[in-house]
Amino acid sequence: MRVISENRCFGGVQGVYAHASAVTKCEMTFGLFLPEAAARAPVPVLWYLSGLTCSHENAMFKAGAQGWAAEQGIALVFPDTSPRGAAVADDPAYDLGQGAGFYVNATEAPWAEHFQMWDYLTEDLPEVLAEDFALDMSRQAITGHSMGGHGALTLAMALPGRFRSVSAFAPICNPCGSDWGRKQFGAYLGADEARWQAHDASLLMAARGFNGPVLVDQGGGDEFLDLLRPETLFAAAAARRQAGSFRIQPGYDHSYFFVASFIAEHVRFHGAALRG
């Protein structure tokens with residue numbers, strides 16, 4: 001692992017690091033905020049997964065989460081959204097290829113060689129974090145925005161016991177029924193739609209739910225509502241009587257102005273679960 005940068009931030013350190021990943025077969029970059037409390041003892045971890053076109057930088061710079069994480073005494077992990085580099089497959093479209101990994105393990109050419117984001121997030125990066133930083137990996141929570149909200153919800157429901165709480169901002173809720181999903185799942189996972197279902201938050205909610213607190217915020221003025229399909233997730237949660245808060249915030253769009261408006265509440269929500 002190599003240090004790209006480390007900056008003092010709210011009494012702690014906002015770092016950016018890179019490491020060679022055996023899973024994605026390329027160098028991966030991630031951001032990590034460690035609160036001041038990490039100098040005294042290992043601290044719990046909140047993962048933040050970003051959306052289409054984003055890297056580790058977007059939420060790290062725009063969400064304004066570090067101050068609230070320092071208040072709660074928790075670390076923030078900002079992974080990248082895909083493998084990157086000249087040798088990594090890409091596509092001219094913004095919603096496929098680099099910057100658009102969709103948090104799945106690709107099985108189809110040319111994506112399968114590098115696009116193993118599920119294993120990267122569930123195995124590779126957690127091992128790096130546990131080895132090199134003062135983190136309590138027995139206490140983890142997860143959140144994300146848009147494509148990252150999809151990733152947060154699917155990881156949380158597919159891995160019972162891994163995360164104590166899950167939240168999402170404007171998640172892609174039903175990728176099996178949306179152009180933000182069908183295109184990418186077809187490319188990464190192949191034509192058999194039965195294989196897609198393990199990565200659909202609405203279907204997972206109907207089949208499994210989440211054994212812990214859930215918080216989902218969706219902007220009522222979001223320009224991508226028809227692609228996000230929040231009504232499918234909300235209906236699945238209601239049908240299984242899932243405990244949680246599923247909210248439409250009137251007038252808010254899909255931008256980081258929306259995320260920044262509610263990030264404090266989300267971080268405190270996770271802080272309470274992680275302390276409990």
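These numbers were taken from a predicted model, which means no experiment stands behind them.
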When rounded to the nearest 0.5 Å, the distance separating CG of D179 from CG of D95 is 9.0 Å
Provide the full list of ring pair (Phe, Tyr, Trp, His ring centres under 6.0 Å) pairs with a residue in residues 57-97, sequence neighbours left out, each pair given once.
none
Hey, could you give me the CD/CZ distance between Q218 and F258, rounded to the nearest 0.5 Å?
6.0 Å
If I take atom CZ from residue F115 and atom CG from residue N105, how far apart are they, to the nearest 0.5 angstrom?
12.0 Å
Please step through side-chain contact (heavy atoms from CB on, under 4.5 Å) for the pair L52 and T81, ending with a clear verdict.
CA-CA 8 Å; L52 287 167; T81 56; over 6 Å; no
Side-chain contact, heavy-atom cut-off 4.5 Å: E57 with K62?
no
Taken to the nearest 0.5 Å, the spacing of C54 SG from H56 NE2 works out to 11.5 Å
Under the side chain to side chain contact (heavy atoms under 4.5 Å, CB included) test, which residues partner E113, sequence neighbours left out?
K25
Going only through I, L, V, M, F, W and Y residues with side-chain contacts under 4.5 Å, is there a path from L46 to V214?
no
Carefully, step by step, assess I172 and L228 under the rule side-chain contact (heavy atoms from CB on, under 4.5 Å).
CA-CA 4 Å; I172 300 173; L228 301 171; 3.8 Å; yes
Apart from L225 itself, what residues make up its hydrophobic cluster, given side-chain heavy atom links below 4.5 Å?
none
Between P160 and N211, is there a side-chain heavy-atom distance shorter than 4.5 Å?
no
Note: M117 and G101 closest approach over all heavy atoms is CG-CA, 4.5 Å
May I ask you to say whether R195 pairs ionically with D192, meaning some side-chain N is under 4.0 Å from a carboxylate O?
no
Do side-chain atoms of T143 reach the backbone of S167 as a donor and acceptor pair under 3.5 angstrom?
yes
Would you say the side-chain atoms of D200 pair up with the backbone N or O of Q197, donor to acceptor, closer than 3.5 Å?
no
Please answer: with hydrophobic residues joined when any side-chain heavy atoms are less than 4.5 Å apart, are V128 and L159 in the same cluster?
yes
Where is the tightest heavy-atom contact between A130 and M137, given as atom of each residue plus distance?
CB-CG, 3.9 Å
Using every non-hydrogen atom in the two residues, find where P171 and D217 come nearest and quote the distance to one decimal.
CD-O, 4.3 Å
Could you pull out the closest heavy-atom pair between A191 and W196, with the gap in Å?
O-CZ2, 4.5 Å
Are F210 and L121 grouped together when hydrophobic residues (ILVMFWY) are joined by side-chain heavy atoms under 4.5 angstrom apart?
yes
For residues F102 and Y188, establish whether the separation of their ring centroids is below 6.0 Å.
no
Student check: side-chain heavy atoms of V43 and L135 closer than 4.5 Å
yes
For residues 117-146, pull every pair meeting ring pair (Phe, Tyr, Trp, His ring centres under 6.0 Å), keeping only residues two or more places apart or in separate chains.
Y17-F133, H19-Y120, W118-H199, H145-H254, H145-Y256
For R2, check salt bridge (charged side-chain N to carboxylate O under 4.0 Å, His left out) against everything at least two apart and list the hits.
E27
Once you round to the nearest 0.5 Å, how far does CZ of R275 lie from CZ of R268?
10.0 Å
Evaluate the criterion side-chain contact (heavy atoms from CB on, under 4.5 Å) for residue pair W180 and S146; output intermediate values, then yes/no.
CA-CA 10 Å; W180 274 359; S146 194; 4.1 Å; yes
With distance as the sole test, does Q116 use its side chain to make a donor-acceptor pair with the main-chain N or O of A106 at under 3.5 Å?
yes
Find out if a path of hydrophobic residues (ILVMFWY) with successive side-chain heavy-atom gaps under 4.5 Å connects F246 to V259.
no
Do W47 and L155 have side chains that get closer than 4.5 Å, going by heavy atoms?
no
Using a 3.5 Å distance criterion without hydrogens, assess whether the side chain of S178 forms a donor-acceptor pair with backbone atoms of G181.
no
Any donor-acceptor N/O pair, S202 side chain to C173 backbone, under 3.5 Å
yes
Heavy-atom distance under 4.5 Å between the side chains of I74 and P35, does that happen here?
no
Taking C-beta and beyond as the side chain, do V216 and P230 meet within less than 4.5 Å on heavy atoms?
no
Examine distances only and state if a side-chain atom of R8 and a backbone atom of V13 form a donor-acceptor pair shorter than 3.5 Å.
no
Establish, yes or no, whether a centroid distance under 6.0 Å links the rings of Y252 and F262.
yes
Not counting sequence neighbours, which residues clear salt bridge (charged side-chain N to carboxylate O under 4.0 Å, His left out) with R162? List them please.
none
Nearest atoms (heavy-atom pairs only) where V45 meets L274
O-CD1, 4.1 Å
So, S21 and D124: side-chain donor and acceptor under 3.5 Å apart, yes or no?
yes
Quick check: is V3 connected to F33 through a chain of hydrophobic side chains (ILVMFWY, heavy atoms under 4.5 Å apart)?
no
Without swapping roles, check the side chain of Q98 against the backbone of V88 for a donor-acceptor pair under 3.5 Å.
yes
In the structure I gave you, are the side-chain heavy atoms of V104 and W111 within less than 4.5 Å of one another anywhere?
no
Can you tell me how far apart CG (L227) and CG (D222) are? Round to the nearest 0.5 Å.
9.0 Å
Determine whether F30 and L129 satisfy the following criterion, side-chain contact (heavy atoms from CB on, under 4.5 Å), listing intermediate values before the conclusion.
CA-CA 10 Å; F30 65 93; L129 296 172; 3.8 Å; yes
Using atom types as modelled and distance alone, determine if a side-chain donor or acceptor of D119 lies under 3.5 Å from a backbone N or O of V23.
no
Write down the atom of G99, the atom of S82, and the distance for their closest heavy-atom approach.
N-OG, 2.7 Å
Give a yes or no answer on whether the side chain of Q242 reaches the backbone of R208 with a donor-acceptor pair at less than 3.5 Å.
no
